[in-house]
Each structure stands twice: as structure tokens, then as C-alpha cells.
Amino acid sequence: MHQEIRLHGHLNDTIEFFATAAARDAFGCHFYDVAGDRLRFFSPGNELVLGPDGIRHRGNGGTFCEYMFGVDQPLADLAKGDVRNRLVLYGTTYRESGRLQFTDQTGGFQSYEQIFFRGNALTNYFFFLTGSVSGRLKEQQEGILRLLGKTLKRSNHVGEGEETELLDEIFGLLGHRSSFHLIKLIHKRHKAYQQAFHDLYFANKAIPDPDFETLGNQAERLKVDNYQQERVRIDVMYKNADNRRIVDEYKNILIGCHRRGKIDKLENARLTRLKTLSVRNKIPFALFYTLDEMLQYDHLVELEEQDYLSVTRQILEGIFLHESQIDASINQEDMIKLLFAKRRASENRDATFEQILLETGKACDEKIRDGADISLLEIFSSIVTYFDRFDNTSEQINKLAFMENIPISEEMIRSLLGNKKAFAELAPDLFETLFFSCVHQDKYLGRFGRRKIEQLQKGLIAIEDGRLTVQDLQRQLSAIADEERHYQVLLVHVKDRIRNFYSRYNTRAEQEALRAEVAQELSQKGLPGEDIPPGLFRDVVVHIKKEAVYLHNLLPDIVADRDIALREDFLANSGLDRFYVEELEREYFELNHLDLENLYQIRQGLSA
């Protein structure tokens, strides 16, 4: 058993101290004296003097504190998951090889400002030892490291401020005639700020703006500078169990990559996912930046990917973080990112996206087979369900927009309504943004395709509002599709009739005669032609006139001069479908025996 004598006091309105002498017969020893404004602690060969501005020391021993943001941490300590505390022995430095070099030059002075700037912002310990070590000072320091280094660097009692428990740990390692002197310094202003922030943060893991403003005013009254405020806030947030798991997992992955000298795509995805979770949990990015700098993240990244693939990989890899007790569940924001990534992959015909999904599914199966929680499969299944809805919706909308003669059924509309409702649970306007915005922007969307898509978009909203029925929307879309088929039939037959029988069709009388003959021809072929709507017929004639202007007046100049602007102006203002115009161009080049490569270059915007 050992005895302890403790002295408690305040050096000024900023620094508080606890000084403890521990020995087998501590009650019989004198370990301090006071000289003016200085308080001196001593044992044979050692002393530590608390002055008004700082600490002066000589002899053996050193200082230790709990690691926190802003405290230099050697890579060797960082790589060991159980190292919690920084230990500095007087007269000891690191060699380039990473090994310690001990000297006899152990005396020195540290100001209180330096102590709480370089060390822990709240609490720092100083110590010296009598007995259990002997020889020159550098030999004593080396002996202290071997004897107490592991305990002082790993004890959780340091961060918890439990000196009695810490001394119990230490004294179990010392010889019978040893004495251990421990001086604890507390920065009262920083401690008051830390307690105020802790109470606000742990109430709901977020601090409302008015409370944060009050906290800032308190920091100003306490004279806590901005850097120390940041250190304290980060330390409090890191000590939240959920936050600590995220940061520690990030550190462990990065350390493993550092040892191998590279980061592969999967590891990079998981690191990125952890950073995303840190934003969600409001963990300061400074913690990750410090780790990245120390472990040379930028030098380890292996390969770059398309941004949407990188996002996909990091979110899907993130679901495996549950193994580290990290809440990495896929939230609405994540699912929206995955859906837009899937859309990008579809637009680029990028099979890598589906490969990532297959790899994730296989990894889920293997982990569940090896005993992982079944919730892993539930998370992945929910993602796949949304992807299935995406594929189904995208296929139906694109068929309606870009294909002719597509059956339009009530079942298709109900399917779209169900999918729209599911996507609305992620975000109110997600369905329109995800599917309709890109279709409207597609330069190959034709006039009838645009009408069908616009009618579908308005109709689905009207059904949800109770202003329209599924049957009504089905009839409206079918009417547009019927008009489209009729238009295409008319276009073919009117062009054929003009090519073979008519050279003029400009006057109303000529057009009426042409319409009657086409109607008769269609009837003879068993096609609907008895009642050709005049407006539809006029649209067909205007179409043919624009086509003739393009083929005979514009296209020769476009080809000869590589006049890309003229071509784009016609496509933008003529109202003719781009697909149709490109087919006319191909026929023109083949008929005139022109090099199709020149046409491809014009379409790609390559001038002469």
C-alpha cells in the first residue's frame, strides 16, 4: 500500500493546481515549500517550481497529457490504437530513425501559455520520481520510459482526471522505497468554456445560433482565444461515442493504407464515406485534415474515377461500416445521390456502376454468411428496390418520348404513379428532376415526344390532385400517339405523291386537291384517310417545304462551308426532329456520293 499527500491551490485566476506526493510513508515526508510567489516541489535530485508565469524544472521526469486536436502526435503513437496520451521526458528528443535520444540536459522553463498551447488545452501533468531508477539523468529517463512509459501513454485515467486511480496504476510498478510526485495543472478559463460547450452540445448534438452566440460572448469574457475555442470544441465532439467511432475508423483505415504505401478505390470510398458521415454528425473537418496531413493522404490515392462512380462507391462501401458500430445507414440524401449517379452511368453507358453494385451485393452475401447482422442485407435490398423503380420508370418514360407505336396502358400509368410516390418520399420534386428534366433537355426529343411527355407530367400531378383519372390520362396520351401515327403515314404518302405527280402545292386549291387524292389512296390501301384533319395536313405540307428548303438551299452551303452555325440555327428553329433531319443528311450524302466522314465532323461541330 502507498500513502498520498495532496496539496490544492490556485496560482492566479487562470491556473489551478493539484500536487500529490505518493510513497509508502508519504505522511512522514516534506515535499514542498513556499518562497514569495513561488511554490516549490522537490525530492532528492529533483525539483519543480510553479512561478507566476510558468514552471521551472530540473532532475528527472517530464510531462504528459491526453492527446487532443493541436497536440503533436508521433506516427508511432497514432498507429497504436490504445495510445491515448502524450508523454514528454525532459532532455529527450526523436532521432531521424524514430528512436528516442536521452541526454542529461533535463532542466528548463515552460510558460503556462506554452504548456496549454502545445499540450492539452485543459489539463496537463508534470512528474518526477525518486527510487526505482538510478545513474546519470539520461539513464534515469530511459529507466522511467521502460518502467512507466506504457502505463502513462495508455491510461484512460489521464483524460478522466482521476489521479488516485492513476497513482494506483503507477505505484504497482515502482519499488518499495520509491516516491512519485505528480503536479496537475488546470486552465480554469478553458475548463469553464469546455463545460459550457459540453452541456450545450450533448443536449442535442447541435447548438442553435442564439446559444452559440452566447457561448462566444462567454469565451470573450473568459479571454479564450479562437484557436483554443476550436481545440476545446473539437475535443468535446470527438468524445461523443458515435463521433469517436467515425474518426477512429477513418484513422485505422488511413494507417493501414499508409503502411502499404497506397489507397485503393474501395478504401478511398470508405474514407470518403466517413467524411460524409462526419458532416452529417457535424464533426469538424479539421480532425480529418490533421490525419490526412500526417499520413500523407494525397500521396497515397491510387486512381481517379468519374465523380458519380466515386460517390457510388463511397456510399455503398459505407454500409459495411456497421461492423465498426458506426451508424452509416443510407439516408434520403445518400439515396438521392445514388439515383443521380445511376442516371449519369446510364447516360454514359457505363457498366462500371452495375459492376460496383454487383460487387457490393456479393460482399453483403459473404459477410452475412460469416455472421454479420441481417440488417446489412436489408439496407442493400432497399437500395436495389429504388434502382429497380428507376429502371422501370426510365424505360417507360423514354419509350414514350422517343419511340412510336408504344402501347399506352392504364397499368403503365399506375406503375408510374406508384414510382412517383416512392421517389417523393425521398424529395418532393425528385421524380420530375430525375426523369423529366433530362428528357426535356435532350436535343433528339421530337415534337410528338415532347407533347406526350408534357401531357404525362401534367397528368400525373392532376391525378394525384384528384383533377384527372388514370383513364382520362390514358385517353389523352393515346390521342397524341394516334395523331403521331397518322402524321407519319401522311408524311410518307404526301411526299410520295408530290415526288411522282405534283411539282406545285403552294396554293390552297392545289393543297386541297392533293389532300383529296391522298385520302383516296389511303382508303384504297385500307388506311384511315376518309377524314384527314386539315390542320394536320397543313403541318405535313409545311414540314415538306422546310425539308425542301434545307436539302436544296441550306445543306449544300453547310457542307461546302462547314457552316455549323447555320445547321444548328435550322435545327433549333425549323421544328423538324433532329433524328429526321440527320436521316435526310445521310441520304443526301449517299445520293451525291459524298464522304460520310465529313458529315460526322459537321455533326460533331468540327469546322473546316
Side-chain angles (χ1 to χ4, degrees), residues 308 311-312 315-316 319 329-351 353-354 356-358 360-361 364 377-442 444-446 448-481:
Y308 62 89
V311 167
T312 300
I315 293 177
L316 293 181
I319 67 177
S329 55
I330 305 297
N331 63 8
Q332 292 176 330
E333 182 182 352
D334 294 327
M335 196 63 240
I336 291 170
K337 288 180 180 178
L338 285 174
L339 287 167
F340 278 102
K342 181 171 176 60
R343 192 182 80 175
R344 288 277 303 280
S346 299
E347 291 169 348
N348 294 343
R349 296 175 177 81
D350 192 341
F353 182 92
E354 295 299 329
I356 294 172
L357 190 64
L358 288 172
T360 305
C364 282
L377 181 60
E378 293 171 356
I379 294 171
F380 183 70
S381 297
S382 69
I383 295 171
V384 172
T385 299
Y386 271 110
F387 284 172
D388 287 343
R389 288 185 180 277
F390 176 93
D391 289 335
N392 177 266
T393 303
S394 180
E395 180 182 11
Q396 291 178 344
I397 289 178
N398 281 302
K399 281 184 177 179
L400 200 62
F402 299 107
M403 297 179 67
E404 302 171 10
N405 302 317
I406 297 300
I408 300 170
S409 65
E410 295 178 16
E411 181 182 359
M412 180 201 78
I413 295 172
R414 289 194 177 92
S415 173
L416 289 173
L417 282 168
N419 291 338
K420 186 175 187 296
K421 182 178 179 181
F423 287 117
E425 293 174 358
L426 297 177
D429 299 327
L430 178 61
F431 191 80
E432 283 74 16
T433 306
L434 196 60
F435 299 105
F436 287 117
S437 62
C438 57
V439 172
H440 283 305
Q441 294 169 9
D442 195 307
Y444 286 100
L445 181 64
F448 286 102
R450 187 175 299 278
R451 285 177 58 191
K452 285 185 285 185
I453 289 302
E454 289 174 349
Q455 189 61 53
L456 174 67
Q457 192 171 3
K458 291 185 295 185
L460 292 176
I461 295 173
I463 292 172
E464 290 178 328
D465 294 342
R467 296 181 285 107
L468 198 70
T469 67
V470 171
Q471 293 80 8
D472 290 336
L473 180 57
Q474 189 269 339
R475 283 193 292 270
Q476 291 172 353
L477 293 173
S478 295
I480 297 173

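Source: prediction; values computed, not measured.
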Considering only heavy atoms from C-beta outward, does the side chain of [X] approach that of [Y] to under 4.5 Å?
| X | Y | answer |
| --- | --- | --- |
| Gln471 | Ile413 | no |
| Leu468 | Leu460 | no |
| Asp334 | Asn331 | yes |

When rounded to the nearest 0.5 angstrom, what distance separates [atom1] in [X] from [atom2] in [Y]?
| X | Y | atom1 | atom2 | result |
| --- | --- | --- | --- | --- |
| Glu378 | Ile383 | CD | CD1 | 12.5 Å |
| Leu473 | Ile463 | CG | CD1 | 4.5 Å |
| Leu316 | Leu357 | CG | CG | 6.5 Å |
| Gln455 | Ile480 | CD | CD1 | 5.0 Å |
| Ile356 | Leu338 | CD1 | CG | 10.0 Å |
| Lys452 | Leu477 | NZ | CG | 8.5 Å |

Heavy-atom closest pair, residues [X] and [Y]:
| X | Y | answer |
| --- | --- | --- |
| Thr312 | Ala341 | OG1-CB, 3.2 Å |
| Phe380 | Cys364 | CB-SG, 3.9 Å |
| Leu426 | Ile336 | O-CD1, 3.8 Å |
| Ala401 | Ile453 | CB-CG1, 3.6 Å |
| Leu434 | Arg343 | O-NH1, 3.0 Å |

Check: Ser394 side chain, Asp391 main-chain N or O, donor-acceptor pair, under 3.5 Å: no
Arg389 backbone acceptor or donor facing Thr393 side chain under 3.5 Å: yes
Audit row: Lys421, Glu425, salt bridge (charged side-chain N to carboxylate O under 4.0 Å, His left out) steps and yes/no: CA-CA 7 Å; Lys421 182 178 179 181; Glu425 293 174 358; 5.8 Å; no
Pair Phe431 and Phe435, ring centroids less than 6.0 Å apart: yes
May I ask you to decide whether [X] forms a salt bridge with [Y], counting only side-chain N to carboxylate O separations under 4.0 Å?
| X | Y | result |
| --- | --- | --- |
| Glu333 | Lys337 | yes |
| Lys399 | Glu395 | yes |
| Glu354 | Lys342 | yes |

Thr433 and Asp429 side chains, donor-acceptor separation under 3.5 Å: no
Side-chain donor-acceptor contact under 3.5 Å, Ser478 with Gln474: yes
Working for side chain to side chain contact (heavy atoms under 4.5 Å, CB included), residues Phe340 and Leu430: CA-CA 10 Å; Phe340 278 102; Leu430 178 61; 3.7 Å; yes
CD (Glu411) with more than 12 external heavy atoms under 6.0 Å: no
Stepwise salt bridge (charged side-chain N to carboxylate O under 4.0 Å, His left out) test for Arg475 and Asp472: CA-CA 5 Å; Arg475 283 193 292 270; Asp472 290 336; 2.4 Å; yes
